[in-house]
Amino acid sequence: MTTLLIPKPPLFSFKECLWFLNRSYDDCLYHITDNSVTKAILIDEQTVVITVTEDQENIVVNVLTGRLPTQSKTALSTYIDDWFDLQRNIEPFYKLLSAHPSLGYMATDFAGLRLMNIPDVFEAICWSIIGQQINLTFAYKLKRAIVEKYGTYIVIDGVKHYTFPKPAVLALLSIEDLKALQFSRQKADYIITLAKLFEAGEISKAQLLQLSSADKVKTLVSLKGIGIWTANYVLMKSLNDTNGIPHGDVGLLKALEDHALIINRKDDKAIAHLFSQFPGWQSYLVHYLWRSLAIPKS
DNA sequence: GGCCAGGACTCAA
DNA sequence: TTGAGTCATGGC
């Protein structure tokens, strides 16, 4: 079995990250225990199943599906870096956060939480389309339906570990196929059209990463089914771009209300003012605000 | 039964 | 550029 040790960066808490992944939802793309997460991922065109845990100094990655070639270890290491956002020094964010009168507690209560990414940008876009305008519980249910029907899986100890369906598979579906899984007609259309674009190579993560934040948003919004909310969600959650703010997000607005940072949900000035206090860390602020919405730790 | 949910689109003015 | 109407389905 291949094992990878990745030194923990400063201001990193594996438990906090794990807790965020879990929250109270039913995510079909990983399995979580008290101290580990197990997930199927794509490395160099090959699906492998990994379990991530920690020891005193390291993040410990075990590949359950057999030995990895040396060059794939690098790809795996990069995947973990992306997933847990390990390459970022978040100390400047903590300085800003600690200094804030009503948000400072987060630097202590959520200490070491990283912005948990969705490295596969196709998956990230599909997920944000699925999540548009429906409650999260139902959104996770829809995701499970499409993953279990069209994704691939590897069985380890009798448990199926799924990967998100590939564009090539979804590109061949009809709208009726997804409607049968309780997708609305529009969402079915958006996702199939998107899959065709990815399959044709007309859009890719590599291409998006080369653009400025503004151009990323512009490119994404030009696609059918992606509005300003979704585009910024993708910047924040998949492109490691900290300028992503999912404007108008109901969860974000609720968190701002909870902290008495806005008077009402159209208080754009107050919102702009808050984010202006966190230059370069907007997406982290959103992530921490989302974290504050979840059930408090016992 | 009614309101809401980690929105986007179209079309009118 | 802004606003209203539409889509669409489950959770609570």
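Heavy-atom basis, side chains included; hydrogens, waters and symmetry copies ignored. Small disclaimer: the values here were computed from a predicted structure and weren't measured. So you know, we letter chains A, B, ... as the sequences are listed, proteins then strands, and number each from 1.
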Original post:
Do NZ/NE/NH1/NH2 and the carboxylate oxygens of Glu123(A) and Lys166(A) come within less than 4.0 Å?
Top reply: no
Subject >> Ile90(A) side, atom CD1; Phe93(A) side, atom CZ - distance, nearest 0.5 Å >> reply: 7.5 Å
Expressed in angstrom and rounded to an integer, what is the separation of [X] atom [atom1] from [N] atom [atom2]?
X: Leu220(A); N: dG7(B); atom1: CG; atom2: C1'; answer: 15 Å
X: Trp229(A); N: dC9(B); atom1: CH2; atom2: P; answer: 13 Å
X: Phe138(A); N: dG10(C); atom1: CZ; atom2: C1'; answer: 5 Å
X: Lys187(A); N: dT6(C); atom1: NZ; atom2: P; answer: 19 Å
X: Asp189(A); N: dC9(B); atom1: CG; atom2: P; answer: 11 Å
X: Leu178(A); N: dC7(C); atom1: CG; atom2: P; answer: 20 Å
X: Leu142(A); N: dG7(B); atom1: CG; atom2: P; answer: 14 Å
X: Gln182(A); N: dT9(C); atom1: CD; atom2: P; answer: 8 Å

So what does [X] touch, heavy atoms closer than 4.0 Å: a base, only the sugar-phosphate, or nothing?
X: Leu223(A); value: sugar-phosphate
X: Ser128(A); value: nothing
X: Ile226(A); value: sugar-phosphate
X: Ile228(A); value: sugar-phosphate
X: Lys254(A); value: nothing
X: Gln186(A); value: base

Original post:
Thr47(A) side chain to Leu42(A) main-chain N or O, any donor-acceptor pair under 3.5 Å?
Top reply: no
**OP:** Indicate whether any N or O donor in one side chain lies under 3.5 Å from an N or O acceptor in the other, for Thr78(A) and Asp81(A).
**Re:** no
**OP:** Between dA5(B), dG7(B), dG11(C), spot the one nearest the side chain of Arg265(A), thanks.
**Re:**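 Looking only at side-chain atoms, Arg265(A) lies closest to dA5(B).
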Original post:
Per the atom types in the model, does the base of dA5(B) pair as donor or acceptor with the side chain of Gln133(A) at under 3.5 Å?
Top reply: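 In this structure, the two groups form a donor-acceptor pair.
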Original post:
Does the side chain of Thr230(A) get closer than 4.0 angstrom to OP1 or OP2 of dA8(B) through an N or O atom?
Top reply: yes
Original post:
Within the pair Lys224(A) and dT10(B), is there a side-chain N or O less than 4.0 Å away from OP1 or OP2?
Top reply: yes
**OP:** Report the residue (Tyr25(A) or Gly225(A)) whose heavy-atom-nearest nucleotide on DNA chain B is the more 5′ of the two.
**Re:**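 Counting from the 5' end, the first nearest nucleotide belongs to Tyr25(A).
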**OP:** Between dC11(B) and dA8(C), how far apart are the P atoms? Round to whole Å, please.
**Re:** 15 Å
Original post:
Should Arg88(A) and Thr242(A) count as side-chain neighbours, where that means a heavy-atom distance under 4.5 Å?
Top reply: yes
